[in-house]
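Note: hydrogens, waters and symmetry copies are ignored here, and every other heavy atom, side chains too, is used.
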Amino acid sequence: MAAGEPTLILAEGFSADTHYGKTMRGVLRYRRQDVVAILDSERAGEEESGMPIVGDVAAALAFEPRVALVGVATQGGRFPPPWRQILADCVENGLSVENGLHQMLSDDPELRPLADRHGVELRDLRRPPDGLDCPTGENLEVSARIVLTVGSDCAIGKMTVSLELDRAARERGIASVFVPTGQTGIAIAGWGISVDAVIADFVAGATERLVVEGARRGGELLWVEGQGSLVHPAYSGVTLGLFHGSVPHALVLCHRAGTTEVEGYPGHPLPPLADLVRLHEAVSLRARPARVVAVALNTGGLDEATAVEAIEDAARETGLPTADPVRHGAASLLDAVLAATG
């Protein structure tokens, strides 16, 4: 979504869901100034983080949105059947639609002509740009320091950690740029490539393009948003391509406190944090070996005393600076990155 566009977040049926509503939550936290309302008929009349929730598009028009952002991530990346009418209502009322699901709206045989008639855009955030290819080596010529967030699992806060570190760096006057690699990050930053929609052979090349672009945008310190996990039974492929394409100088390992298995995959235990540190350092490119320099621990849901204990345990196990940047701020993690990358 372009900066300054009054935005209605579409979250029908998912505004209270912390997992499937993660795009909504990310935009509310990091691009709140552009949001005017949230749509979810199941919670009409309520608020989410102080933002009004409306029951339908007609009610949202009072807030004068110009674009509707799909604020959810659904199973399989497809729209539930009730959403089709919501999307049509948006278009018929002159709202462009920004969509991060795998189902491309601009290819829809009903919504495409409808959008053309009403003069609005259907923006598919996951549509890869043309001309992607394998890496050329230009990523190794970027003068910026590159930091990649990696994780023990999916959906544990790699984007959030990247954004918190970027914000902390900019507050110190550092020329810092967040490099988005997924639909929520793109919705927040207004640019990027959703690497999970890129042909497998070109994931590293797409990521190379992103770090080059981040440097062209003035970044002297780039925070590349991590995706998936090297130990995930389904999504490790995109993680490795992203890792090698971004050629990071340093890694920040993200983990959700207390988890012992890959979410949604019973029988797939998570390795100890110390093993994850060694794994990531072992698979980094020999042309630019990368070290894990800090651990970002997601302690959401824990009380303060338990959170502090979990942070201390992780620091003791890994021997690395450890913090929850949302709960306690990103300063110590940023200090560790700056010390390691010069």
* Which is it for Asn298 and Cys254 under the side-chain contact (heavy atoms from CB on, under 4.5 Å) test, yes or no, and what are the steps along the way? -> CA-CA 7 Å; Asn298 181 342; Cys254 306; over 6 Å; no
* Would you say the side chain of Val224 lies within less than 4.5 Å of the side chain of Thr181, judging by non-hydrogen atoms? -> yes
* Out of curiosity, Ile193 CD1 to Leu242 CG, how far, rounded to the nearest 0.5 Å? -> 11.0 Å
* Asked: Would you say the side chains of Asp335 and Ser332 form a donor-acceptor pair under 3.5 Å?
  -> no
* Mind checking the CZ-CG spacing from Arg209 to Asp133? Nearest 0.5 Å is all I need. => 9.0 Å
* Asked: Side-chain contact, heavy-atom cut-off 4.5 Å: Leu122 with Arg112?
  -> yes
* Between Arg288 and Val247, is there a donor-acceptor pair closer than 3.5 Å when you use the side chain of the first and the backbone of the second? -> yes
* Structure fact -> Scanning both residues in full, the closest heavy-atom pair of Gly100 with Leu125 reads CA-CB, 4.2 Å
* N/O donor-acceptor pair under 3.5 Å between Ser15 side chain and Gly13 backbone -> no
* To do: Would you please test Leu230 and Tyr235 for side-chain contact (heavy atoms from CB on, under 4.5 Å) and show each step?
  => CA-CA 8 Å; Leu230 286 178; Tyr235 305 127; over 6 Å; no
* Asked: Please walk me through it: do Thr239 and Val150 pass side-chain contact (heavy atoms from CB on, under 4.5 Å)?
  -> CA-CA 8 Å; Thr239 307; Val150 295; 5.6 Å; no
* Less than 4.5 Å apart, any side-chain heavy atom of Met51 and any of Arg32? -> yes
* Asked: Atom CD1 in Ile38, atom CG in Leu69: separation rounded to 0.5 Å?
  -> 10.5 Å
* Minimum side-chain heavy-atom gap Leu61-Asn93 below 4.5 Å -> yes
* Heavy atoms, side chains only, cut-off 4.5 Å: are Pro6 and Phe63 in contact? -> no
* Asked: Can you name the closest pair of heavy atoms from Val72 and Ala11 and give their distance?
  -> CG1-CA, 3.7 Å
* Hey, is the main chain of Leu105 close enough, under 3.5 Å, to the side chain of Asp124 for a donor-acceptor pair? -> yes
* To do: Answer yes or no: are there more than 12 heavy-atom neighbours, outside Glu64 itself, under 6.0 Å from its atom CD?
  => no
* To do: Search all heavy atoms of Leu333 against all heavy atoms of Ala294 and return the closest pair with its distance.
  => CD2-CB, 3.8 Å
* Could you check if a side-chain atom of Phe243 sits within less than 4.5 angstrom of a side-chain atom of His280, using non-hydrogen atoms only? => yes
* Give a yes or no on whether Val120 and Val67 share a hydrophobic cluster (residues Ile, Leu, Val, Met, Phe, Trp, Tyr; joining criterion: side-chain heavy atoms under 4.5 Å apart). => no
* Structure fact -> Distance col, row Phe178:CZ vs Arg167:CZ, nearest 0.5 angstrom, shows 12.0 Å
* Is Arg66 salt-bridged to Glu98, going by a charged N under 4.0 Å from an acidic O? -> no
* Asked: Is a salt bridge present between Glu48 and Arg29, judged by a nitrogen-to-oxygen distance below 4.0 Å?
  -> no
* So do Leu210 and Ser246 actually touch side chain to side chain, heavy atoms under 4.5 Å? -> no
* Joint cluster assignment, Leu165 & Met159, ILVMFWY side-chain distance < 4.5 Å -> no
* Asked: Any side-chain donor-acceptor pair under 3.5 Å between Ser152 and His255?
  -> yes
* Asked: Does the distance from a Lys or Arg side-chain N to an Asp or Glu carboxylate O, for Arg43 and Asp40, drop under 4.0 Å?
  -> no
* **Single-linkage hydrophobic cluster, 4.5 Å side-chain cutoff, Leu101 and Ile9 together** => no
* **Reported CZ-to-CG distance for the pair Phe79 and Leu111, which is rounded to 0.5 angstrom** => 8.5 Å
* Asked: Is any side-chain heavy atom of Asp107 closer than 4.5 Å to a side-chain heavy atom of Arg127?
  -> yes
* Asked: Of the non-hydrogen atoms in Pro135 and Ala204, which two are nearest, and what is the gap between them?
  -> CG-CB, 3.5 Å
* Same cluster (ILVMFWY, side-chain, under 4.5 Å), Leu8 and Val91 -> yes
* Asked: If every non-hydrogen atom of Pro65 is compared with every non-hydrogen atom of Val36, which pair is closest and at what distance?
  -> CB-CG2, 3.9 Å
* Asked: Between Arg117 and Leu114, does a side-chain contact (heavy atoms from CB on, under 4.5 Å) hold up when you go through it step by step?
  -> CA-CA 5 Å; Arg117 287 200 302 273; Leu114 187 66; 3.1 Å; yes
* Glu164/Arg170 under salt bridge (Lys or Arg N to Asp or Glu O under 4.0 Å): CA gap, chis, key distance, verdict -> CA-CA 10 Å; Glu164 291 293 331; Arg170 286 186 285 109; over 6 Å; no
* Asked: What's the shortest heavy-atom distance between Val142 and Leu222, and which atoms?
  -> CG1-CD1, 4.5 Å
* Report yes or no: do Ser162 and Glu225 form a side-chain donor-acceptor pair below 3.5 Å? => no
* So, the side chain of Ser229 versus the backbone of Gly151: is there a donor-acceptor pair under 3.5 Å, distance only? -> yes
* Matching residue for Arg126 among Val198, Asp196, Asn99 - test: side-chain contact (heavy atoms from CB on, under 4.5 Å) -> Asp196
* To do: Answer yes or no: is there a donor N or O on one side and an acceptor on the other, between the side chain of Thr306 and the main chain of Leu302, under 3.5 Å?
  => no
* Asked: Taking the side chain from Asn139 and the backbone from Gly245, do they hold a donor-acceptor pair closer than 3.5 Å?
  -> yes
* Return yes if some donor-acceptor pair links the side-chain N/O of Arg291 with the main-chain N/O of Ala250 below 3.5 Å, else return no. => no
* **Ala234 backbone acceptor or donor facing His232 side chain under 3.5 Å** => yes
* To do: Only one of Val54, Ile53, Asp89 passes side-chain contact (heavy atoms from CB on, under 4.5 Å) with Leu39; say which it is.
  => Val54
* **Presence of salt bridge, Glu110 and Arg84, under 4.0 angstrom** => yes
* Asked: Do Arg145's NZ or CZ and the ring of Trp223 fall within the cation-pi criteria of under 6.0 Å and 45°?
  -> no
* Ignoring hydrogens and geometry, is there a side-chain-to-backbone donor-acceptor pair from Thr207 to Gly205 under 3.5 Å? -> no
* To do: Is it possible for you to say whether Leu140 and Leu285 belong to one hydrophobic cluster, with membership spreading through side-chain heavy-atom contacts below 4.5 Å?
  => yes
* Asked: Is any NZ, NE, NH1 or NH2 atom of the basic residue among Arg217 and Glu213 found under 4.0 Å from an Asp or Glu carboxylate oxygen of the other?
  -> yes
* Would a distance-only check, ignoring hydrogens and angles, find a side-chain to backbone donor-acceptor pair under 3.5 Å from Ser284 to Glu281? -> yes
* **From Thr136 atom OG1 to Glu208 atom CD, the distance as rounded to the nearest 0.5 Å** => 3.5 Å
Which pairs of donor and acceptor atoms, one on a side chain in residues 258-271, lie under 3.5 Å apart (sequence neighbours left out)?
residue: Thr259; atom: OG1; partner: Arg256; partner atom: O; Å: 2.8
residue: Glu261; atom: OE2; partner: Gly267; partner atom: N; Å: 2.9

